[in-house]
Amino acid sequence: MGFNNIKKRVIKCLDEGLVSHEMRNNIDVKNLLATGQVTLNEVATIIKRARSTDYMTSPHHFDASIEVHVLKVTYSCQFWYIKWYFNEANSVFISIHM
């Protein structure tokens, strides 16, 4: 699946509220969505601005069969790091931070 399809799928999950969060250390600074510091709409807006040059994938560190999607994008003069994977119909966010 190409970047544009991945982007559409994650934005659809955000728009429909179909998200969950992977538990991790430092969640208060590593996942601003999970802590309510950014909204689903704000994350969708940031992702909409991303281009394929901002995107990469890597295997999940616990399960290499899971493809993790990573965006490193500048939005509103801030550098954003957004990392997620898909779990059935949902998006599971690992990191969203500046």
Side-chain angles (χ1 to χ4, degrees):
M1 187 180 299
F3 172 67
N4 287 330
N5 288 331
I6 295 293
K7 188 163 104 168
K8 286 177 188 174
R9 184 174 174 195
V10 73
I11 290 168
K12 184 176 190 290
C13 287
L14 288 161
D15 289 345
E16 294 177 4
L18 297 173
V19 300
S20 58
H21 305 283
E22 187 170 286
M23 296 311 298
R24 61 174 298 166
N25 294 331
N26 299 327
I27 198 163
D28 58 326
V29 294
K30 293 289 187 176
N31 194 333
L32 301 178
L33 181 60
T35 60
Q37 296 174 64
V38 294
T39 66
L40 296 172
N41 187 54
E42 289 169 321
V43 175
T45 298
I46 295 166
I47 292 173
K48 286 176 186 174
R49 303 283 185 181
R51 303 291 175 248
S52 61
T53 55
D54 302 321
Y55 173 73
M56 62 180 279
T57 63
S58 64
H60 194 285
H61 60 281
F62 288 131
D63 183 348
S65 70
I66 298 172
E67 184 176 38
V68 176
H69 306 276
V70 180
L71 285 176
K72 296 177 181 179
V73 61
T74 301
Y75 173 75
S76 195
C77 299
Q78 296 282 342
F79 176 78
W80 286 88
Y81 180 86
I82 302 173
K83 184 163 61 169
W84 77 94
Y85 59 90
F86 295 105
N87 181 359
E88 297 179 23
N90 295 334
S91 290
V92 178
F93 287 90
I94 302 168
S95 295
I96 300 177
H97 58 90
M98 293 182 273

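Values reported hereafter were calculated over all heavy atoms of this structure, with side chains retained and with hydrogens, waters and symmetry mates removed.
When all heavy atoms are compared, the tightest approach of Val10 to Ser91 is CG2-OG, 3.5 Å. In plain terms, the two heavy atoms of Arg51 and Lys7 that are nearest each other are NH1-NZ, 3.7 Å. Taking both residues in full, the closest heavy atoms of Tyr85 and Val68 are given as CB-CA, 4.3 Å, listed atom of the first, atom of the second, then distance. Shortest non-hydrogen contact noted between Val73 and Ala50 is CG2-CA, 4.0 Å.
Note: Ser95 OG to Leu32 CG = 9.5 Å, rounded to the nearest 0.5 Å. The NZ atom of Lys48 sits 10.0 Å away from the OH atom of Tyr75 when rounded to the nearest 0.5 Å. Between the CG atom in Leu71 and the NZ atom in Lys83 there is a gap of 12.0 Å [rounded to 0.5 Å]. Atoms CG and CG, on Leu33 and Leu14 in that order, are 7.0 Å from each other to the nearest 0.5 Å. Here the straight-line distance linking atom CG of Asn4 with atom OG of Ser52 works out to 7.5 Å at 0.5 Å rounding.
Both Phe93 and Phe3 belong to a single network of hydrophobic side chains, linked directly or stepwise wherever heavy atoms of I, L, V, M, F, W or Y lie under 4.5 Å apart. At a threshold of 4.5 Å between side-chain heavy atoms, the hydrophobic network of Ile, Leu, Val, Met, Phe, Trp and Tyr places Leu40 and Ile47 in one connected group. Each of Ile6 and Leu18 belongs to its own hydrophobic cluster when Ile, Leu, Val, Met, Phe, Trp and Tyr are linked at side-chain heavy-atom distances under 4.5 angstrom. Taking hydrophobic clusters as Ile, Leu, Val, Met, Phe, Trp and Tyr residues chained together by side-chain heavy-atom distances below 4.5 Å, Ile11 shares a cluster with Val19.
Thr35 and Gln37 are linked by a side-chain donor-acceptor pair at a separation below 3.5 angstrom, with hydrogens and angles left out of the test.
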Please determine whether side chain to side chain contact (heavy atoms under 4.5 Å, CB included) holds for the pair Ile94 and Asn31, giving the CA-CA distance in whole Å, both sets of side-chain angles, and the decisive distance to 0.1 Å. CA-CA 7 Å; Ile94 302 168; Asn31 194 333; over 6 Å; no
Trp80 and Val38: CA distance, side-chain angles, deciding distance, side chain to side chain contact (heavy atoms under 4.5 Å, CB included) verdict: CA-CA 12 Å; Trp80 286 88; Val38 294; 3.7 Å; yes
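Between Phe86 and Ile66 the shortest side-chain heavy-atom distance does not fall below 4.5 Å.
Shown here is Phe62, whose CZ atom has no more than 12 heavy atoms of other residues, nucleotides or ligands within 6.0 Å.
Taking the six-membered ring where the residue is Trp, Tyr55 and His69 present parallel rings, their angle staying beneath 30° rather than reaching 60°.
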